[in-house]
Amino acid sequence: MDEAVRLSAWVHGLVQGVGFRWWTRSRALELGLVGHATNARDGRVHVVAEGPRAACERLLAHLRSGDTPGQVRLVVESWEPARGDLTGFEER
């Protein structure tokens, strides 16, 4: 069985006001992940997702794919064990 993890990804670029959070939520739900995509004041989007590591890695690949709304310049990721405190996937 694939271990449950928490992915935290800071997405840099033109990612606010272009449907990026909605697009991320859609991809995450397709992958069965829970979490949120939140606009930061500095123009980045913070994505937090929990679920099987393979599904989180797939979401990360989507974020880096170049097929996102807007324009992603950089994605900075960190990983930790799942906390189990998230339900659904929200746009914040």
List for me each residue that meets ring-ring contact (aromatic ring centres under 6.0 Å, His included) alongside His12, sequence neighbours excluded, and say none if there are none.
none

Name all residues meeting the ring-ring contact (aromatic ring centres under 6.0 Å, His included) criterion together with Trp22; count only those two or more places apart in sequence or in a different chain, and write none if there are none.
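ring-ring contact (aromatic ring centres under 6.0 Å, His included) list for Trp22, sorted by chain: empty.
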
Just to verify, what does [X] make a side chain to side chain contact (heavy atoms under 4.5 Å, CB included) with, not counting sequence neighbours?
| X | value |
| --- | --- |
| Ser26 | Glu30 |
| Ala28 | Leu33, Leu59, Phe89 |
| Arg41 | none |

Would you say [X] and [Y] make side-chain contact, with heavy atoms under 4.5 Å?
| X | Y | result |
| --- | --- | --- |
| Leu7 | Val47 | no |
| Val48 | Glu50 | no |
| Trp79 | Cys56 | yes |

What is the minimum heavy-atom distance between [X] and [Y], and which atoms define it?
| X | Y | answer |
| --- | --- | --- |
| Ala55 | Leu31 | O-CD1, 3.6 Å |
| Pro69 | Gly19 | CG-O, 3.8 Å |
| Leu86 | Gly35 | CD1-CA, 3.8 Å |

Is the backbone N or O of Gly51 less than 3.5 Å from a side-chain atom of Glu3, with the two atoms forming a donor-acceptor pair by type?
no

Could you tell me which residues satisfy salt bridge (Lys or Arg N to Asp or Glu O under 4.0 Å) with Arg25, sequence neighbours excluded, listed by chain and number?
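Per chain and number, Arg25 pairs via salt bridge (Lys or Arg N to Asp or Glu O under 4.0 Å) with no residue.
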
Suppose we screen for salt bridge (Lys or Arg N to Asp or Glu O under 4.0 Å). Which residues come up paired with Arg73, at least two apart in sequence or across chains?
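In terms of salt bridge (Lys or Arg N to Asp or Glu O under 4.0 Å), with neighbours along the sequence ignored, Arg73 is linked to no residue.
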
What distance separates Thr24 OG1 from Arg21 CZ, expressed to the nearest 0.5 Å?
9.5 Å

If you apply the rule side-chain contact (heavy atoms from CB on, under 4.5 Å), what do you find for Thr87 with Val34, and how did you get there?
CA-CA 6 Å; Thr87 58; Val34 296; 5.5 Å; no

For Arg58, side chain to side chain donor-acceptor pair (under 3.5 Å) partners two or more places apart:
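Arg58 satisfies side chain to side chain donor-acceptor pair (under 3.5 Å) with no residue once adjacent residues are dropped.
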
Pairs involving residues 30-51, ordered by first then second residue, that meet ring-ring contact (aromatic ring centres under 6.0 Å, His included) (sequence neighbours left out)
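Those involving residues 30-51 are Trp10-His46.
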
Inter- and intrachain pairs under side chain to side chain donor-acceptor pair (under 3.5 Å), touching residues 60-72, at least two apart
Arg64-Glu77

Phe20 vs Leu14, test: side-chain contact (heavy atoms from CB on, under 4.5 Å). Steps then yes/no.
CA-CA 9 Å; Phe20 185 85; Leu14 176 59; over 6 Å; no

